[in-house]
Protein chains: 2
Amino acid sequence: MGAADSDATRPLRRDAVRNRERVLVAAGRLVAEHGVDVSMEQIAQEAGLGIGTLYRRFPNKDALVDALVEAFVEQVVDAGRSLLVRDEGTGLEDFLREAGRSLSEQRGCLPRLWHPSRATPATREARVVVGALLAQAQEHGRVEPGIAVGDVFVLLWALRGIIETTGELAPGAWERHLDLHLAGLRCRPLPTTRPPVSLDQIAHLAPPGA
Amino acid sequence: MGAADSDATRPLRRDAVRNRERVLVAAGRLVAEHGVDVSMEQIAQEAGLGIGTLYRRFPNKDALVDALVEAFVEQVVDAGRSLLVRDEGTGLEDFLREAGRSLSEQRGCLPRLWHPSRATPATREARVVVGALLAQAQEHGRVEPGIAVGDVFVLLWALRGIIETTGELAPGAWERHLDLHLAGLRCRPLPTTRPPVSLDQIAHLAPPGA
DNA sequence: CGGCATACGGAATCGCCGTTCCGTTTCGGC
DNA sequence: GCCGAAACGGAACGGCGATTCCGTATGCCG
């Protein structure tokens, strides 16, 4: 079968690698600032490239945005992982603050952030890291045992909603909400009887309007 | 000035009134289900009318969506007002649950909900009603005195974010978040030092990407 | 240096959607 | 029932943006 290696990923030419990077940087900047509705032409211009070049690296606009989102999630997850090694019990809170800050800077990505058509590697990894951070917080008595990983994800989605709404008009709003909510997570007994979102549910978030 | 009454709103013909209502109903249904990106043609079809008729009642699509959003906000505010008269202290919590339920049903409107180009009458009224509900809750000792109207709005935006993300996959997620958060609002001393969002900031929410 | 696969640019294509226009139909007062 | 104003339907227009295509330029290997 000589065709076996026809889809093997051949190394890109040096200029192609450089340009791919330029596209991602340009798209990242524009999307963060103006949202996902920036046109491919704007991105190409920002990158100093032709439109055709964008399409040589990414089959379509969706793929480009997906790449941006994936990179963003990876960055946040990495931040969380590095907080994990300290094992101080405050890792979860620090992570949430860090994530909030990142969300604020990537406002344009937000509508796409938790709407992947299916779970990506970074999303899966996020569940693991958050679970570990939560476990540490609970061991140190900073969070009630009844709190689940799903609750932390829901909190992230809440922060996203706040940041999306307040934009730069009230940049500190999300952090006050976080402070208040963290207090709720410490309450004993657990102030709710409703079950948390399950890991499975987290994994199956569907795109809107589908 | 014979032109003085040239812009007086003349009563609509009976069929025009009926059709205007049909448009709003159809648009409401489609937007709730599929989001604001439904085309005018789809709305016209759902309403059983021609496109031209839509444009006779609403100057453009934005105006139509604005009318939907305004109606939605009014409905929620009315619900809040009716909780106010009981003066039981639980009005605020009941209002938040009611609002969450309404948000869940109007998922498609959400991206536009708190992005009016400028404050509408309903939005202004919302501030008043929420303020009164909060005051009652505080008098009854169900919410700490340090909590402000802005905190309640931020909580609503948080719920919106959760509902937008979870959709019908985890319909109860927002309510658990609310339970946990309400516990935080009761904590003494106030678990944060950050200032709440001000009324003025609430009034000046700007459209995204502007 | 030569040859070619790979990459690039950007004009042209294509489809979609908001909006406009105008001939036809319907309402409502007389 | 008759008439003019108001309303209706839906084809046609215009713009925008994603995507494609192909002639040209460039890195890479021998």
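Quick note on labels: first sequence line is chain A, next is B, and so on, each numbered from 1. As a basis for the values below, the full set of heavy atoms in this structure was taken, side chains included, without hydrogen atoms, waters or symmetry mates.
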Could you work out which one of [options] sits closest to the side chain of [X]?
X        : options                   : answer
Arg14(A) : dG18(C), dA11(C), dG27(D) : dG27(D)
Asp15(B) : dA11(C), dT26(D), dT26(C) : dT26(C)
Thr53(B) : dA11(D), dG9(D), dA7(C)   : dG9(D)
Arg57(B) : dC28(D), dA7(D), dT19(C)  : dA7(D)

What is the distance from [atom1] of [X] to [atom2] of [N], rounded to the nearest Å?
X        : N       : atom1 : atom2 : result
Lys61(B) : dC16(C) : NZ    : P     : 15 Å
Tyr55(A) : dC22(D) : OH    : P     : 17 Å
Met40(B) : dG9(D)  : CE    : P     : 14 Å
Ile51(A) : dA7(C)  : CD1   : C1'   : 16 Å
Gln45(A) : dG9(C)  : CD    : P     : 13 Å
Asp37(A) : dA18(D) : CG    : C1'   : 13 Å
Glu41(B) : dA11(D) : CD    : P     : 9 Å
Arg56(B) : dG10(D) : CZ    : C1'   : 13 Å

Rounded to the nearest 0.5 Å, what separation is found between the [atom1] atom of [X] and the [atom2] atom of [Y]?
X         : Y         : atom1 : atom2 : answer
Gln201(A) : Thr166(B) : CD    : OG1   : 9.0 Å
Ile202(A) : Phe153(A) : CD1   : CZ    : 5.0 Å
Leu24(A)  : Arg57(A)  : CG    : CZ    : 11.5 Å

Using 4.0 Å as the upper bound for N to carboxylate O, is an ion pair formed by Arg81(A) and Asp78(A)? yes
Check this for me, if you would: do Arg18(A) and Glu21(A) make a salt bridge, where the nitrogen-to-carboxylate-oxygen distance has to be below 4.0 angstrom? no
Looking at every strand, decide which applies to Arg18(B) at a 4.0 Å heavy-atom threshold: base, sugar-phosphate, or nothing. nothing
Over all strands shown, is Arg13(A) touching base, sugar-phosphate only, or nothing at heavy-atom distances under 4.0 angstrom? base
Between the side chain of Asn19(B) and the main-chain N/O of Ala16(B), is any donor-acceptor distance below 3.5 Å? no
Should we say atom CD of Glu88(B) is surrounded by more than 12 heavy atoms from elsewhere, each under 6.0 Å from it? yes
The answer to which of Leu12(B) and Gly52(B) contacts DNA chain D further toward the 5' end, by nearest nucleotide, is Leu12(B)
Is the phosphate of dA6(D) approached by Arg10(B) (side-chain N or O, under 4.0 Å from OP1 or OP2)? yes
Below the 4.0 Å mark, does dA7(C) have OP1 or OP2 next to a side-chain nitrogen or oxygen of Asn19(A)? no
Using heavy atoms and a sub-4.0 Å distance, could you list which residues of residues 21-31 of chain B are near DNA chain D? By number, please. none
